[in-house]
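It should be emphasised that the depicted structure is a prediction, and the values quoted were computed from it without experimental measurement. Letters A, B, ... are given to chains in the order of the sequence lines, protein chains preceding strands, and every chain is numbered from 1.
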Amino acid sequence: MLHFHNTENNRKEPFKPLVEGKAGLYTCGPTVYDYAHIGNFRAYLFEDVLRRYLEFRGYEVNHVMNLTDVEDKIIRRARETGKTIYECTAPYIDAFFEDLDTLNIKRANQYPRATEHIEEMLSMIRTLRDKGFTYEKDGSIYFRIREFKEYGRLSGVRPEDVLSGARIDSDEYEKDDARDFVLWKAKKEGEHFWETEFGEGRPGWHLECSAMSIKYLGEQFDIHCGGEDNIFPHHENEIAQSEGCSGKKFVNYWLHCRHLLVDGEKMSKSKGNFFTLRSLLDKGFHPMAIRFFIISNHYRSPLNLTMDSLQAAHSAWSRIMDFRQRVKERIASNVEAPKQIDLQREMDACLTRFIEHMDDDLDTPRASSALFDFIRDANKIFDSEAVGSKQAQEALELLDRVDETFGVMKEDEALLDDEVDQLIQERQDARKNRNFARADEIRDLLAGKGIILEDTREGVRWKRR
RNA sequence: GGCGGCGUAGCCAAGUGGUAAGGCAGAGGACUGCAAAUUCUCCAUCCCCGGUUCGAAUCCGGGCGCCGCCUCCA
C-alpha cells in the first residue's frame with residue numbers, strides 16, 4: 001500500500017485517490033526569468049519520481065505544472081530592457097524544457113502559464129470578494145486572512161505569530177494587516193498590466209496556482225507538491241484562496257521536498273555556490289549521474305551537493321550501467337542455459353523490495369539498495385557463466401521496470417568516430433601480437449579522450465568517461 | 001522571537017523498541033599480459049548527559065551543534 005508523508009498533518013498516510021485508479025498531481029513550476037538552478041531541479045526530479053512511481057503503481061496520473069511567466073522580476077526586466085514580458089521569458093521557457101529532457105524528466109500533461117489564465121484568476125477574486133474575503137486598497141486587492149478560520153492549517157504558522165517575526169516588510173504595498181496577501185496588484189508606472197474590472201494591474205503570485213490547479217484538476221484533487229519553502233506562505237495562501245472560493249477541501253496530500261544545499265549551505269549567487277544544470281554539465285558531470293545523485297537521496301532530507309558527492313554518484317551510476325551492459329551482451333550472445341533458480345529468486349526479491357520501499361513514502365535510498373543488492377548477486381551468477389540469453393532478457397526487463405521510476409538508465413548514443421574505432425582495432429592486433437606497450441599506449445590515449453576500454457572474455461568493451 | 005527539521009563509519013545515506021541496508025572512497029585476496037569490470041574479506045554501536053524498558057540509534061527530559069521557513073527563493 002502506497003504511503004505518503006503529508007505536510008498537513010506531518011504523518012505518513014495511505015494514499016487514497018479521489019477517483020479509484022487516478023491521481024491528480026499539481027507541482028509548482030519555475031518562474032521563467034532565468035535558468036532553473038540545480039536546487040529547482042531537485043524539486044522537479046522528486047516530482048518526476050513521484051509521478052513515475054504513481055504510474056508504475058497503475059495510476060493514471062494527470063500531472064499539471066505551472067509556468068510563472070509574470071511576476072516582479074520579469075516585469076522589472078521587461079521595463080529595463082524595453083522588451084515585452086513574453087520576450088523576456090521565452091528563452092528561459094525553452095531552456096527549461098531542454099533541461100527537463102537532459103535530466104530525463106517526463107513531461108507533465110499540462111504546462112499552464114499564468115499570463116494565459118488571467119480570466120480564471122479574476123473569476124476567483126470575484127468569488128472571494130462576494131464571499132467577503134477581500135478588501136481593496138490603493139488599487140490592489142488583498143485577501144484578509146482573518147476571514148479564513150483555518151489559516152495556518154498546513155504550515156502550523158499561526159496568524160498571530162506571523163507579526164512577531166522580526167522581518168515583516170510591508171512597505172511596498174499598504175495593507176490593513178501585514179499578514180494579508182495580495183490577490184491583485186495595482187500597476188506601477190511603466191509596468192506590464194491587464195485592464196480589468198479590478199483596475200489596471202497584474203495577478204499576485206499565489207493566485208495563479210489556485211486558479212490553474214482548479215481549472216485543470218478540479219476544486220479538489222489528490223496531490224500538490226513543491227519545495228519546502230513553498231509551505232509558507234505560498235501553499236498556505238493557496239489553501240486560503242481555494243477553499244475560500246469553493247468551500248471544499250482543496251488538496252488531500254501535500255508533499256514537499258527539502259532543499260538542496262551546496263557544500264552545506266544554501267545556494268546563493270553571492271556565495272559562489274550557485275549551480276545551474278548547465279554549469280554542472282560544463283564541469284563534465286554526466287546528466288544521468290546528476291539525476292541519480294538527486295533521486296537516490298530521500299526527498300524529505302536535506303541534500304548536500306558537493307563535487308565529491310557528485311563524483312561518487314557517478315561511480316555508483318556507472319555500476320548500474322556496467323551491469324546493464326553486461327546483461328545486454330549476454331542477451332546478444334544467444335547462449336542457451338538452464339534457468340537459474342537463484343537468479344530468478346534474486347529478481348523477485350529485488351522487485352518486491354523495490355516496491356515495498358517506494359511504497360513507503362518514496363524511500364528511494366532503500367529502493368536503490370534493493371537494486372544494488374540484486375546487481376551484486378546477479379553479477380556473481382553471471383560470473384559463473386550460467387545465465388542464458390533468455391533469462392538475461394528477463395533480467396533486463398527487471399532493470400527496465402525499476403527504471404520506469406528511476407529513469408537513470410538512459411544510454412548515450414553508441415557512436416565512435418572512425419579514428420577511435422581504428423585505434424581500438426590496432427590495440428586488439430597489438431595485444432594479439434603481445435605488443436603490450438603499444439596496446440597500453442593506445443588505451444591511455446583513448447582514456448585521455450574520455451573513452452574507457454575493458455577487455456572481457458567476449459571481446460573489448462568501451463564506454464565514455 | 002515564532003514554526004519546522006536534522007546530528008548514524010573517511011564521505012553520502014537507510015533504519016523509529018530487539019543486538020546497525022546500500023553506495024562512494026580505502027586496505028587485502030581472486031580474476032587479468034597489465035588494467036578495467038566483476039567478486040570475496042576487512043572497516044561504526046548510532047552528538048553528549050540523564051531517564052523509561054528485560055532490551056533504545058530508535059521513546060521521554062535536558063544540553064551542545066547544524067539547517068530551513070517566517071522576504072513572489074524548489
* Paired with B:C31 by Watson-Crick or G-U wobble geometry, both distances under 3.5 Å: which nucleotide is it? -> none

* Structure fact -> Partner of B:G65 under the Watson-Crick or G-U wobble criteria, both distances under 3.5 Å, comes out as B:C6

* Can you check whether A:Ile375's main-chain N or O pairs, donor with acceptor, with A:Asn379's side chain at less than 3.5 Å? -> yes

* Between B:U52 and B:C12 - P atom distance, rounded Å -> 35 Å

* Nearest listed nucleotide, side chain of A:Phe372, among B:G23, B:C70, B:C73 -> B:G23

* **Strand-adjacent residues in residues 436-449 of chain A, judged by heavy atoms under 4.0 Å from RNA chain B** => A:Phe436, A:Asp440, A:Arg443

* A:His235 and A:His256: aromatic ring centres closer than 6.0 Å? -> yes

* Side-chain H-bond candidate by donor/acceptor type, A:Asn237 with A:Gln241, under 3.5 Å -> no

* To do: Flag the pair A:Phe97 / A:Tyr111 as yes when their ring centroid distance falls below 6.0 Å, and as no otherwise.
  => yes

* **A:Tyr142 and A:Phe181 aromatic centres sub-6.0 Å** => no

* Asked: Taking any strand in view, what nucleotide pairs with B:U71 in a Watson-Crick or G-U wobble way, both distances under 3.5 Å?
  -> none

Atom pairs, protein N/O to nucleotides 12-16 of chain B N/O, distance under 3.5 Å:
from: B:A14; atom 1: OP1; to: A:Ser301; atom 2: OG; distance (Å): 3.1
from: B:A14; atom 1: O3'; to: A:Asp363; atom 2: OD2; distance (Å): 3.3
from: B:A14; atom 1: O2'; to: A:Arg366; atom 2: NE; distance (Å): 3.0
from: B:G15; atom 1: OP1; to: A:Asp363; atom 2: OD2; distance (Å): 3.3

* Structure fact -> Per atom distances to the A:Arg258 side chain, the nearest of B:C67, B:C73, B:C24 is B:C67

* Asked: Choosing from B:G68, B:C24, B:A37, which nucleotide comes nearest the side chain of A:Ala316?
  -> B:C24

Distances for protein N/O vs nucleotides 40-47 of chain B N/O pairs under 3.5 angstrom?
from: B:C40; atom 1: OP1; to: A:Lys380; atom 2: NZ; distance (Å): 2.8

* According to the Watson-Crick and G-U wobble definitions, with both distances under 3.5 Å, which nucleotide is paired to B:A36? -> none

* Can you figure out which of B:C73, B:C24, B:G22 approaches the side chain of A:Ser369 most closely? => B:G22

* Asked: Starting at the 5' end of RNA chain B and moving along, which residue's nearest nucleotide shows up first, A:Ala312 or A:Tyr33?
  -> A:Ala312

* To do: Would you confirm whether the ring centroid of A:Tyr86 sits within less than 6.0 angstrom of the ring centroid of A:His192?
  => yes

* A:Phe374 and A:Phe323 aromatic ring geometry - parallel, tilted or perpendicular at 30°/60° bounds -> perpendicular

* To do: Would you kindly give the CE-to-C1' distance between A:Met307 and B:C24, to the nearest whole Å?
  => 16 Å

* What integer distance in Å separates A:Arg319:CZ from B:C24:C1'? -> 11 Å

* To do: Please figure out whether A:Arg326 or A:Ala313 has its closest RNA chain B nucleotide nearer the 5' end.
  => A:Ala313

* Base-pairing mate for B:U45 - Watson-Crick or G-U, with both contacts under 3.5 Å -> none

* Structure fact -> Mate of B:C59 across any strand shown (Watson-Crick or G-U wobble, both atom pairs under 3.5 Å) is B:G51

* Without swapping roles, check the side chain of A:Asn433 against the backbone of A:Asp429 for a donor-acceptor pair under 3.5 Å. => yes

* Identify which nucleotide among B:G22, B:A74, B:A37 has an atom closest to any side-chain atom of A:His259, counting heavy atoms from C-beta outward. => B:A74

* Asked: Taking the six-membered ring for Trp, is the centroid-to-centroid distance between A:Tyr44 and A:Phe96 below 6.0 Å?
  -> yes

* For the side chain of A:Asp455, counting heavy atoms from C-beta on, which of B:C67, B:G23, B:G33 is nearest? -> B:G33

* To do: With the side chain of A:Asp383 defined as its heavy atoms from C-beta on, choose the nearest nucleotide among B:C70, B:G33, B:U39.
  => B:U39

* What is the nucleic acid contact for A:Glu71, judged by heavy atoms within less than 4.0 Å: base, sugar-phosphate only, or nothing? -> base

* Has the side chain of A:Asp403 got a donor or acceptor atom that lies under 3.5 Å from a matching backbone atom of A:Gly407? -> yes

* Looking at the side chain of A:Asp373, which of B:A74, B:G68, B:A21 is the nearest nucleotide? -> B:A21

* Considering Watson-Crick and G-U wobble pairs with both distances under 3.5 Å, what does B:G17 pair with? -> none

* Heavy atoms under 4.0 Å, any strand shown: does A:Leu260 hit a base, just sugar-phosphate, or nothing? -> base

* Asked: Judged by atom type as modelled, is there a donor-acceptor pair below 3.5 Å linking the side chain of A:Glu71 to the main-chain atoms of A:Lys73?
  -> yes

* Selected nucleotide, minimal atom distance to A:Arg431 side chain, candidates B:C34, B:G5, B:A21 -> B:C34

* If the plane angle is over 60° it's perpendicular, under 30° parallel, otherwise tilted; pick one for A:Phe221 and A:Tyr26. => tilted

* To do: May I ask you to verify if any side-chain N or O of A:Asn379 is less than 4.0 angstrom from the OP1 or OP2 atom of B:U39?
  => yes

* Are A:Phe275 and A:His37 an aromatic pair by the rule of ring centers under 6.0 Å? -> no

